[in-house]
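Quick note: numbers below take in every heavy atom, side chains included, and nothing from hydrogens, waters or symmetry partners.
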2 protein chains.
Amino acid sequence: MADTAAASAAPARPLRADARRNYDRILAAAEAEVARSGASASLEEIARQAGVGSATLHRHFPTRQALLEEVFHDRVEALCAQARELATSDDPGEALVTWLRAVAVYGATTRGLAASLRMGPAHPPSGTGCGAMLLDAGGELLRRAQDAGAVRRETSMIDLLTLVNAVSLVTEGDADAADEAVRLVSLAIDGVRPLPVPGGPA
Amino acid sequence: MADTAAASAAPARPLRADARRNYDRILAAAEAEVARSGASASLEEIARQAGVGSATLHRHFPTRQALLEEVFHDRVEALCAQARELATSDDPGEALVTWLRAVAVYGATTRGLAASLRMGPAHPPSGTGCGAMLLDAGGELLRRAQDAGAVRRETSMIDLLTLVNAVSLVTEGDADAADEAVRLVSLAIDGVRPLPVPGGPA
DNA sequence: CCAACATATGGAGGGGCACCCCGTTTGTCA
DNA sequence: TGACAAACGGGGTGCCCCTCCATATGTTGG
């Protein structure tokens with residue numbers, strides 16, 4: 001999207017050409033390596049594959065978290081776009097559920113993503129981070145679902161995303177991660193109790 | 001409990017006295033260290049605190065997982081006991097929910113426990129491990145709840161525990177981990193949709 | 001009581017990783 | 001084109017996991 005974050009965050013001064021090139025190389029290498037080894041991929045290996053010194057990697061991305069946020073920026077952005085689109089649905093309840101499932105599947109099948117999305121009281125979604133983006137995008141969906149009476153009022157987006165992310169985290173790496181994630185999220189959304197069937201319990 | 005696992009697993013030959021002593025010291029040190037630093041506590045630090053060489057630690061516990069399983073054995077056993085007790089409740093549905101909440105709270109407040117309970121299709125609960133123990137204990141509760149019609153038939157214990165464990169994993173370390181875990185588990189159990197009130201929807 | 005032997009120990013070493021310092025190189029722009 | 005800020009990356013530090021093997025120590029049969 002648009003521009004790599006270094007620029008979007010601080011439009012102060014453009015990166016020098018070589019710095020920009022290295023930045024992009026590191027990001028590409030990180031993407032590949034994280035896909036292979038998950039969120040705990042070796043930073044040195046990433047630097048090696050990018051053909052830069054480890055110091056350069058650390059200069060561009062002071063923390064592992066910063067690197068991961070950037071690596072997943074596009075995917076998260078895509079999820080946000082999907083949320084905006086679903087927000088126009090005429091079945092807000094179903095729209096929310098569809099989106100949550102999509103988030104779960106993305107998280108479960110994209111190694112490392114879930115770990116970089118830790119959120120909650122103790123992990124305040126850092127203003128511009130991936131967590132905050134999803135929180136914003138989903139908030140609208142949740143509001144609509146609640147207005148439509150499809151979701152309880154006391155439910156918060158942060159709890160929903162935390163739950164979905166927890167599922168992603170746990171299923172990540174499994175052979176059929178997507179299936180599992182969808183099943184667990186559906187379980188959580190529907191609850192464990194039997195639905196009172198229209199005709200009344202048998 | 002009863003006996004440290006080395007004996008219960010292979011009654012073949014008793015450990016030599018010094019070996020047994022070191023085994024216990026390592027376990028005690030691990031308990032303290034894992035409580036401080038979570039599941040990724042430094043094994044060398046544990047050995048240091050136990051006053052043994054790192055080789056000794058690795059000989060007694062070939063993998064980190066093996067050590068964690070032993071560290072949490074007692075707590076997991078306690079949860080299983082609680083499950084057995086709850087299995088006599090005259091409200092099987094509530095009994096199951098109570099137990100799941102207890103598991104979540106234990107997991108969220110006991111650093112490292114959740115990580116050592118990873119289970120699911122890809123992480124087959126190793127026969128004698130903590131996962132299998134909980135699965136067994138909870139199975140009875142689930143069966144009763146289902147027989148009482150309080151829980152849907154298609155729900156599996158492994159999914160329930162995976163979900164609960166996911167919550168523990170994500171909330172672990174938060175300031176109010178227990179509250180958060182209970183809230184999220186409750187959310188998952190009740191589902192996000194409004195309960196159809198007896199009087200009918202407004 | 002004491003050898004002799006299986007059992008157990010731990011220091012040292014190999015390989016890896018994260019992170020940082022600082023002398024050197026390289027864009028950039030007046 | 002020259003001078004200067006910006007960026008680079010080799011190499012060092014400290015930590016970690018894990019294994020090898022020379023040494024020490026309980027155990028037990030005579």
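Atom C1' of nucleotide dA8(C) and atom CG of Leu57(B) are separated by 14 Å, given to the nearest angstrom. Rounding to whole angstrom units, CD of residue Glu33(A) and C1' of dA18(C) are separated by 15 Å. At whole-Å resolution of the value, CD in Glu44(B) and P in dC18(D) are 10 Å apart. Distance Arg21(B) CZ to dT25(D) P: 11 Å, rounded to the nearest Å. Between the P atom of dC8(D) and the CZ atom of Arg25(A) lies a distance of 11 Å, rounded to the nearest Å. The CD1 atom of Ile26(A) sits 9 Å away from the P atom of dG9(D) (whole-angstrom rounding). Spacing between atom CG of Leu68(B) and atom C1' of dC17(D) amounts to 15 Å, rounded to whole angstrom units. Across the protein-nucleic acid pair, Tyr23(A) atom OH and dA7(D) atom P stand 13 Å apart, rounded to whole Å.
Within the 3.5 Å criterion, the main-chain N or O of Ala87(A) finds no donor-acceptor partner in the side chain of Glu140(A).
With distances taken from any side-chain atom of Arg48(A) to the nucleotides dC17(C), dT9(C), dC17(D), the minimum falls on dC17(C). Checking dT9(C), dA18(C), dC17(D) against every side-chain atom of His58(A), the shortest atom distance belongs to dA18(C). For Asp18(B), taking side-chain heavy atoms from C-beta onward, the closest of the listed nucleotides dC8(D), dC18(D), dA8(C) is dA8(C). Closest to the Ser42(A) side chain, of the nucleotides dG10(C), dA18(C), dT26(C), is dA18(C). Out of dT27(D), dA7(D), dC17(D), the shortest distance to the side chain of Leu43(B) is found at dC17(D). Nearest nucleotide to the Val52(B) side chain, out of dG10(C), dG26(D), dA7(D): dG10(C).
Between the side chain of Arg59(A) and the base of dA7(D), no donor-acceptor pair under 3.5 Å is found.
Mapping Ser54(B) and Ala55(A) onto DNA chain D by nearest heavy atom places Ala55(A) at the nucleotide closer to the 5' end.
Summarising the local packing, CZ of Arg152(A) is surrounded by more than 12 heavy atoms from other residues, nucleotides or ligands at distances under 6.0 Å.
At the phosphate of dT9(C), OP1 or OP2 sits under 4.0 Å from a side-chain N or O atom of Asn22(B). For Thr56(A), no side-chain nitrogen or oxygen approaches OP1 or OP2 of dA7(D) to under 4.0 Å. For dT25(D), neither phosphate oxygen OP1 nor OP2 lies less than 4.0 angstrom from any side-chain nitrogen or oxygen of Arg16(B). At the phosphate of dT9(C), OP1 or OP2 sits under 4.0 Å from a side-chain N or O atom of His60(B).
Backbone-only contact: Ala17(A) has heavy atoms under 4.0 Å from sugar-phosphate atoms and none from a base.
A distance of 12.0 Å separates CG of Leu141(A) from CG of Asp136(A), quoted to the nearest 0.5 Å. Rounding to the nearest 0.5 Å places CZ of Arg183(B) at 6.0 Å from OG of Ser156(A).
Between Arg111(A) and Glu31(A), no side-chain nitrogen of the basic residue sits less than 4.0 Å from a carboxylate oxygen of the acidic one, so the salt-bridge criterion is not met. With respect to Asp90(B) and Arg144(B), no salt bridge is recorded, no charged nitrogen being found less than 4.0 Å from a carboxylate O.
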